[in-house]
K.L.:
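To start, I am sharing the structure in question, which I have written as structure tokens.
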Amino acid sequence: MQYNFINNITSNGVKGSAILGIFSDLSVNSLSKSINATNLKKIKAAIKKSGFGGKINEKLCIYESVGSKFEKVYLIGLGDKKEYNEKKFIQAVKMFSKICKSELLENIYFDVNSFLSINIDKNWAIRNISIQVNGVDYLYNETKYKTKNKSNYQIKKINFLSFNANDSKKLKKYFLQGKAIANGIKHAKKLGDLPSNICTPTYLSKYATTLSKKSKKISVKVHSEKEMKAMGMNCLLSVGNGSKEPSKLITIKYNGSNKNDKPIVLVGKGITFDTGGISIKPSNAMDEMKYDMCGAASVIGTLSAVSELNLNMNVVGVIAAAENMPSGSATNPGDVVTTMSKQTVEILNTDAEGRLVLCDALTYIARFKPKHVIDIATLTGAVLVALGKVASGVLSNDDKLTQKLIASSKISHDYIWELPLWDEFQSELDSNFADIANIGKRYAGTITAACFLSRFTEDYSWAHLDIAGTAWNEGSDKGATGRPVSLLTHFILENAKSL
Ligand code: BES
Ligand code: MN
Ligand code: ZN
């Protein structure tokens, strides 16, 4: 996709579609110079005829040619000017990307100014438009394993109107940030949407390895079951015992600065399918458990974004990949295993397997002397009860880190919300037969899961993101969301700044 920041449309420009934001007062006077008085008149007349009210989530397509360059004009409602904010901006840009997909727009003249207000930063706006437009060609479901109605739609060119040459260099930076994030999201969505008969732990390891082919700064190391056994990762290995697919520990290193600079370490839950194991799940919607590797997918997506942005810092991604299956060789409820940390665990429920793979990965990564560790996991159904499908849960042993993540969440609009990781919850994990039980009692399941992880993260600054509610959509737009790649990339960008 080509992109361009232009002040005015030259007469020999290609024909395309103009995109304008309109508030509910329906004023159309602050538009770019490219849309002259005659065109404005046409637009105003069309608005009047249509009954378009400029409300949020409202759109109007004026198919009649407006001026010499615009074959069509699309108006997008922004709602009441006084209530306009970043959330509404993002809603409006999402509406724009929907229009792109349904109308197959190829050459676009986007009037950025018409979407702005005093409380919206232009750079931020360009980054967000870029995330959307660079994401429109994600059409996994339509293209990959559907044999009919194949589509290979892409935007050819987007022209951002009313910018002078001085603006353009800076804005390009923000556009490219958005593009890197969009590409990271696309990796995460693709891996999430792939079914478990294709996306196995081995597939994930090979996919991660392809990142190292794209950048010299990335190296990937895959540990086999035998090597994990030698390191004492019995707890991780216990999860894959029932599966034919071998478990993998995947380490992706991005070396963007001095070797001695402490890295940010991301740890992803990569359960390529979660049947529950011997504590088997009910069959209803069990297919969605192909998404139980979305934490891992977000680690791969974020490392892809970091490498595309060529950031001058060190980031390590570690993925604990396994398939949780029942079989004659599967772990039984009540089995006791010794973790890499030497703490013993009584596996009372084999469906609480995410924490079992993560705990050994969290012990393993101490060797990287991390600045911060963030694990990302579709860990508990309970987080859906608490936060629905809007916010991911965050629990942490470092309040400063939590606050930084929340700040990045506000900028990226990839929402997270804190739950308390208090000592009062820890006794839920008491066991008569081992150091720790792998489940608590009935209540506060997201917190007791994080309490379990906290027993393995005492030596470093750590935050846990429970993305069980946010990693994929159900219903008619069923599919992976790519969250929280945007949050994590924003967080890493902020850290890169302070270097
Ligand atoms: N992968 C699931 C969590 C999950 C459930 C994600 C539903 C999305 C939707 C996880 O491995 C799991 O099964 N957790 C159990 C834990 C319980 C046994 C303590 C849960 O949440 O029910
Ligand atoms: Mn489970
Ligand atoms: Zn799971």
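The residues of the chain are indexed from 1 along the displayed sequence. Order of appearance sets the numbers: ligands from 1, and atoms from 1 within every ligand.
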K.L.:
Taking atom types as modelled, find out whether Asp375 and Trp462 have a side-chain donor-acceptor pair closer than 3.5 angstrom.
P.N.:
yes
K.L.:
If you count the atoms of ligand 1 from 1 in the order shown, which ones are under 4.0 Å from a heavy atom of Lys269?
P.N.:
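In order of number, 1 (N), 10 (C), 11 (O).
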K.L.:
When you compare ligand 1 with Asp292, is there at least one nitrogen or oxygen pair between them that comes in under 3.5 angstrom?
P.N.:
yes
K.L.:
Identify, by atom number and element, the atoms of ligand 1 in contact range of Glu353, meaning under 4.0 Å from any of its heavy atoms.
P.N.:
11 (O)
K.L.:
Looking at ligand 1, does Trp472 have a heavy atom less than 4.0 Å from it?
P.N.:
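Contact check Trp472 vs ligand 1: positive.
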K.L.:
Find, among atoms of Asp292 that are N, O or S, the one nearest to the Zn ion (ligand 3), and state its name.
P.N.:
OD2
K.L.:
Below 4.0 angstrom from a heavy atom of Ile439, which ligand 1 atoms are there? Numbered from 1 as shown, please.
P.N.:
19 (C)
K.L.:
Between the side chains of Gln426 and Ser454, is a donor N or O closer than 3.5 angstrom to an acceptor N or O?
P.N.:
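Per modelled atom types, Gln426 and Ser454 side chains form a pair under 3.5 Å.
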K.L.:
Any donor-acceptor pair under 3.5 Å linking the side-chain atoms of Thr470 with those of Ser392?
P.N.:
yes
K.L.:
Atoms of ligand 1 less than 4.0 Å from Ala468 heavy atoms?
P.N.:
6 (C), 8 (C)
K.L.:
Of all the N, O or S atoms in Asp274, which one sits nearest to the Zn ion (ligand 3)?
P.N.:
OD2
K.L.:
Does the structure place the NZ or CZ of Lys389 under 6.0 Å from the centre of the six-membered ring of Trp472, at an angle of no more than 45° from the ring's axis?
P.N.:
yes
K.L.:
Can you check whether Thr378 has an N/O within less than 3.5 Å of an N/O in ligand 1?
P.N.:
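Yes, Thr378 has an N/O under 3.5 Å of an N/O on ligand 1.
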K.L.:
Under 2.8 Å from the Zn ion (ligand 3), can any N, O or S atom of Asp351 be found?
P.N.:
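No, since none of the N, O or S atoms of Asp351 sits under 2.8 Å from the Zn ion (ligand 3).
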K.L.:
Protein N, O or S atoms less than 2.8 Å from the Mn ion (ligand 2), ignoring waters?
P.N.:
Asp274 OD2, Asp351 O, Asp351 OD1, Glu353 OE1
K.L.:
Keeping Thr350 on the side-chain end and Ile278 on the backbone end, is there a donor-acceptor pair under 3.5 Å?
P.N.:
yes
K.L.:
Examine the proximity of ligand 1 to Ile271 and report which part, side chain or backbone, both or neither, has a heavy atom under 4.0 Å away.
P.N.:
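Neither; no heavy atom under 4.0 Å.
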K.L.:
Testing the 3.5 Å rule here: is there a donor-acceptor pair between the side chains of Lys262 and Asn314?
P.N.:
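Lys262 vs Asn314: no donor-acceptor pair found between side chains.
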K.L.:
Indicate yes or no: does Asp137 engage Lys186 in a salt bridge with an N to O separation below 4.0 Å.
P.N.:
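Looking at Asp137 and Lys186, the cut-off is met.
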K.L.:
Is a donor on one side and an acceptor on the other found under 3.5 Å between the side chain of Asp292 and the backbone of Thr272?
P.N.:
no
K.L.:
Decide, yes or no, whether a salt bridge links Lys478 with Asp287 under the criterion of side-chain N to carboxylate O below 4.0 Å.
P.N.:
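Looking at Asp287 together with Lys478, the answer is yes, because their closest N to O distance falls below 4.0 Å.
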K.L.:
Checking a contact table here: which protein heavy atom is nearest atom 18 (C) of ligand 1, and how many Å away?
P.N.:
Asn349 ND2, 3.5 Å
K.L.:
Would a line drawn from the ring center of His413 to the ring center of Trp124 be shorter than 6.0 Å?
P.N.:
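They qualify: ring centres under 6.0 Å apart.
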K.L.:
Going by distance only, is there an N or O of Gly381 that falls short of 3.5 Å from an N or O of ligand 1?
P.N.:
yes
K.L.:
For the residue pair Phe110 and Phe115, is the inter-centroid distance of their aromatic rings smaller than 6.0 Å?
P.N.:
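Ring centroids of Phe110 and Phe115 are less than 6.0 Å from each other.
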K.L.:
Touching ligand 1 at all, Lys281? Heavy atoms, strictly under 4.0 Å?
P.N.:
yes
K.L.:
Report the atom name of the nearest N/O/S atom of Glu353 relative to the Zn ion (ligand 3).
P.N.:
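The Zn ion (ligand 3) is closest to the Glu353 atom OE2, counting only N, O or S.
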K.L.:
In terms of ring plane angle, is the pair Phe452 and Phe456 parallel, tilted or perpendicular, where the classes change at 30° and 60°?
P.N.:
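Tilted, since the angle between the ring planes falls between 30° and 60°.
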K.L.:
Would you mind checking which non-hydrogen protein atom is closest to atom 10 (C) of ligand 1, with the distance to 0.1 Å?
P.N.:
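Looking only at protein heavy atoms, the one closest to atom 10 (C) of ligand 1 is Leu379 O, 3.3 Å.
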K.L.:
For atom 2 (C) of ligand 1, what is the closest protein heavy atom, and at what distance to 0.1 Å?
P.N.:
Asp274 OD2, 3.5 Å
K.L.:
Between Thr331 and Asp335, is there a side-chain donor-acceptor contact under 3.5 Å, judged purely by atom types and distance?
P.N.:
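Note: Asp335 and Thr331 side chains miss the donor-acceptor criterion.
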K.L.:
To check your reading of the model: name the closest protein heavy atom to atom 16 (C) of ligand 1, its residue, and the distance in Å.
P.N.:
Arg355 NH2, 3.8 Å
K.L.:
Residues two or more places apart in sequence or in another chain: which of them pass salt bridge (charged side-chain N to carboxylate O under 4.0 Å, His left out) with Asp414?
P.N.:
Arg483
K.L.:
Got a salt bridge between Lys221 and Glu227, using NZ or NE/NH1/NH2 to carboxylate O under 4.0 Å?
P.N.:
yes
K.L.:
Is the shortest distance from atom 22 (O) of ligand 1 to a protein heavy atom below 4.0 Å?
P.N.:
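For atom 22 (O) of ligand 1 the answer is no, since every protein heavy atom stays at 4.0 Å or beyond.
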K.L.:
Does any N or O of ligand 1 fall below 3.5 Å from an N or O anywhere on Asp351, backbone included?
P.N.:
yes
K.L.:
Taking N, O or S atoms only and a limit of 2.8 Å, check whether Gly354 reaches the Zn ion (ligand 3).
P.N.:
no
K.L.:
Specify the protein heavy atom at minimum distance from atom 7 (C) of ligand 1: its residue, its atom name, and the distance to 0.1 Å.
P.N.:
Met289 CE, 3.8 Å
K.L.:
Any side-chain donor-acceptor pair under 3.5 Å between Glu428 and Tyr443?
P.N.:
no
K.L.:
Does the cation-pi check pass for Lys441 over Phe425, that is, NZ or CZ under 6.0 Å from the six-membered ring centre and within 45° of its axis?
P.N.:
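Ring-cation test returns no.
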